[in-house]
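Here the structure comes first, spelled out in structure tokens, and everything after it is commentary.
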Amino acid sequence: MDESRLRGARVRFAPSPTGYLHIGGARTALFNWLVARRYGGTFILRLEDTDRVRDVKGAREAIYEGLRWLGLDPDEGPEQGGPYGPYCQSERGEIYAHAIAELRERGAIYPCFYTREELAAQRAAAEARGEVWRYDGKYRELAPSLAKARIDRGEEHTWRLKVNAGATRYHDLVLGDSEVKNDDVEDIILVRGNGEPVYNLVVVIDDHHMRVSHVLRGADHQTNTFKQLQIYLGLGWTPPEFGHIPLILAEPPNKGKMSKRHGGATVEEYQKAGYDVEAMINWLALMGWSLDGETEVISRADLVKNFDISRIGKTGAQLNRPKLEWISGEYLRRQSPQQLAPRVARALAERGWIPAAEIDSPSARTMRITTALRERMRKDGDVAPLCTWIFTADLPFEEKAQQTLVKDPENAARLERLAAALPDALPDGEAFSELMKRVAAELGVGFGKIASPARAALTGGLSGFELVDCFHVLGATESVRRLRAGAARCRSAQSASS
RNA sequence: GGCCCCAUCGUCUAGUCAGGCCUAGGACAUCAGGUUUUCAUCCUGGUAACAGGGGUUCAAAUCCCCUUGGGGUCACCA
């Protein structure tokens, strides 16, 4: 596309504060943010908090917090202010009133005296006949003097947009040329009976006054575009460019677009699960956009450098959570143990397994756990499940671990032998290997013959850490205790079966 | 139902605008091997897609039409 037109673009993210940041909204915010950052533009946050949603408790904060976590900082918005505020629709009443007056003066809207009830009755009747209801245009041609008289009499009325015959078309930045007959746009209501403007009107007014140059939003707004284009026409304003991002679809067996009731619909869920936030950005960007079809791991900086609206796909995307798991794991593995330690410590401290003070200054053992975890965890939420065995005195045994322990009657003796061979000062690295090999040699078996039962005895499972780490994380005393307990478990199973 | 949009492996996608380099590439997931005398990581390989039908063309995943399928939207909600 013509990139020069993107330079200095003013883009916006305009969620309605429903109490959470939707995953699709987060992606929309990211794409807009990326455009602003790449082209030296401005990223605006505007809260669509008119009408009934305006008072949802903590709803604004949920949006702020979500964006903050993702690192999508607005340049202008309710919190940061800006030259075209206020940035909450609930506070922009005067601006709307002016625009409505303007619309009236230009003759772009006309009063309609149908009551809500009459409209509802018409709709019901049409539906009963199996037809699609449409506004009949009854008040469109009402003489202005007659209309004025009824208004002066105090008769409640709405104001409808006068849409002329013809067609409305525009070039969508993502979808390409799009067009609709004006008959299908209809004379929509712009001003309610109580004098308040409806959504489509305020969006136009706000985007215009906030000097928004490019509207990049979810495809669920695509049909609104035609209406809004007609409103721009009525106001005599130049519309911005529009681009519609295909929606994120729910995973089967659910159908349709992602909504709150589907798992994974809110950003908060991912934050709580402890996914790496940079991985999250990476994953979000790859949902509906691609650099070249090859690149899977791409940093935020490279995203800013390369993001291109013309490479946004046209097809809806299902959430691909296993891929997020993978990407997040990739990012975690690239971090140094020092970087990773605080989040591991936090997860352990939350369980009460280690003191909270370790979040700032992790102990040697926590560092060891972190190093072992680095190759295994994909998100913070994995830490606790992967470490339960360390901090559980009365270890539950997985079925397979139990089998491994029991299947060879010699295991009891081997574990005892290993326990006896362990010095109080546990050897590390090569020295540990030497010790294991020596014990194995003395028993006349291979390394594996003692490693597997040892892991089972130590962890109660088959997939713990590297063996040497298992020992060190537990310490000599506990290790010996568990080896002996394992031996006992083995013996009792033997006597029970014989 | 009307209108709008979309259609490549199970999933995310490259390729489509400028038809031939595509016996369709990558990644996740999955399966099978290998490395690690343990776990994880890692490496190698396999299974797997152009929705269907008509055109146009020397040539179509790519262009056109129809069908089918999916999604969105049709409030004095946002």
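By convention in this document, chain letters (A, B, ...) are assigned in the order of the sequence lines, proteins followed by strands, and residues within each chain are numbered from 1. Treat the numbers as computed from the prediction; the structure is a model and nothing was measured.
- Atom name P, nucleotides B:A29 and B:U67: the rounded distance is 41 Å, in whole Å.
- Among the heavy atoms of the strands, none lies under 4.0 Å from A:Glu127.
- A straight line from CD of A:Glu325 to P of B:C28 spans 14 Å, rounded to a whole angstrom.
- In this structure, A:Arg116 places its CZ atom 13 Å from P of B:A75, rounding to the nearest Å.
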Inset, instruction - Would you check, one step at a time, whether the test side-chain hydrogen bond (donor to acceptor under 3.5 Å, both in side chains) holds for A:Tyr170 with A:Glu241? - result: CA-CA 9 Å; A:Tyr170 78 103; A:Glu241 302 243 25; over 6 Å; no
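- Taking the side chain of A:Thr158 as heavy atoms from C-beta on, and the options B:C76, B:G1, B:C4, the nearest nucleotide is B:C76.
- For the pair A:Asp183 CG and B:C74 P, the computed distance is 19 Å after rounding to whole Å.
- Remark: P of B:U38 and CG of A:Leu418 are 16 Å apart, rounded to the nearest angstrom.
- Of the P atoms belonging to B:A75 and B:G70, the separation is 23 Å, rounded to the nearest Å.
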Legend entry - Protein proximity profile, nucleotides 6-15 of chain B - base contact B, sugar-phosphate-only contact S, no contact -, cut-off 4.0 Å on heavy atoms: SS---BBSSS
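- The closest side-chain donor-acceptor pair between A:Glu330 and A:Asn282, if any, does not fall under 3.5 angstrom.
- Looking only at atom types and distance, the side chain of A:Tyr87 has no donor-acceptor partner in the side chain of A:Asp206 under 3.5 Å away.
- For A:Trp389 and B:A40, the CH2 to C1' distance is 13 Å, given to the nearest whole Å.
- Looking at A:Gln222 and A:Ser178, their side chains come closer than 4.5 Å, going by heavy atoms from C-beta outward.
- Taking every side-chain heavy atom of A:Trp326 into account, B:A27 is the closest of B:G71, B:A27, B:C5.
- If you take CZ of A:Arg378 and C1' of B:U41, they are 10 Å apart, rounded to a whole angstrom.
- Phosphate contact (OP1/OP2 of B:U73, side-chain N/O of A:Lys257, threshold under 4.0 Å): present.
- Judged purely by distance below 3.5 Å, without hydrogens or angles, the side chains of A:Asn182 and A:Thr168 pair a donor atom with an acceptor atom.
- Geometric assessment of A:Arg160 against the ring of A:Tyr135 yields a positive cation-pi assignment under the 6.0 Å and 45° thresholds.
- Across the C1' atoms, B:G15 and B:C58 are found 23 Å apart, a figure rounded to whole Å.
- Taking atom C1' on both B:U47 and B:G2, the two are 44 Å apart, rounded to the nearest angstrom.
- Contact check, A:Ser178 against B:C4: no side-chain N or O comes under 4.0 Å of OP1 or OP2.
- Defined by atom type and a distance below 3.5 Å, a donor-acceptor pair is missing between the side-chain atoms of A:Glu251 and A:Gln318.
- Of the residues listed (A:Tyr110, A:Tyr139, A:Trp159), the one engaging A:Asp187 in a side chain to side chain donor-acceptor pair (under 3.5 Å) is A:Tyr110, and it is the only one.
- A:Gln335 places its CD atom 18 Å from the P atom of B:U41, with the value rounded to the nearest Å.
- B:C3 is paired with B:G72 under the Watson-Crick or G-U wobble criterion, all donor-acceptor distances under 3.5 Å.
- Side-chain polar atoms of A:Asn200 and A:Gln228 form a donor-acceptor pair below 3.5 angstrom.
- Rounded to whole Å, the P atom of B:G71 lies 14 Å from the corresponding atom of B:U8.
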Report, one pair per line, the protein and nucleotides 64-69 of chain B atoms (nitrogen or oxygen only) whose separation is under 3.5 Å.
none

Legend entry - Check against ring-ring contact (aromatic ring centres under 6.0 Å, His included), A:Trp283 and A:Tyr331: CA-CA 11 Å; A:Trp283 177 65; A:Tyr331 275 78; over 10 Å; no
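- A:Arg123 has no side-chain polar atom (N or O) that falls below the 4.0 Å cut-off from OP1 or OP2 of B:C74.
- Using the Watson-Crick or G-U wobble rule with both distances under 3.5 Å, B:U30 pairs with B:G46.
- By the 4.0 Å N-to-carboxylate-O rule, A:Arg482 lies close enough to A:Glu478 to be salt-bridged with it.
- To the nearest whole angstrom, the two P atoms, one in B:A27 and one in B:A18, are 31 Å apart.
- Nearest nucleotide to the side chain of A:Val180, out of B:A78, B:C4, B:A27: B:C4.
- One interatomic measurement links the two molecules: CG of A:Leu119 to C1' of B:C74, which rounds to 14 Å at whole-angstrom precision.
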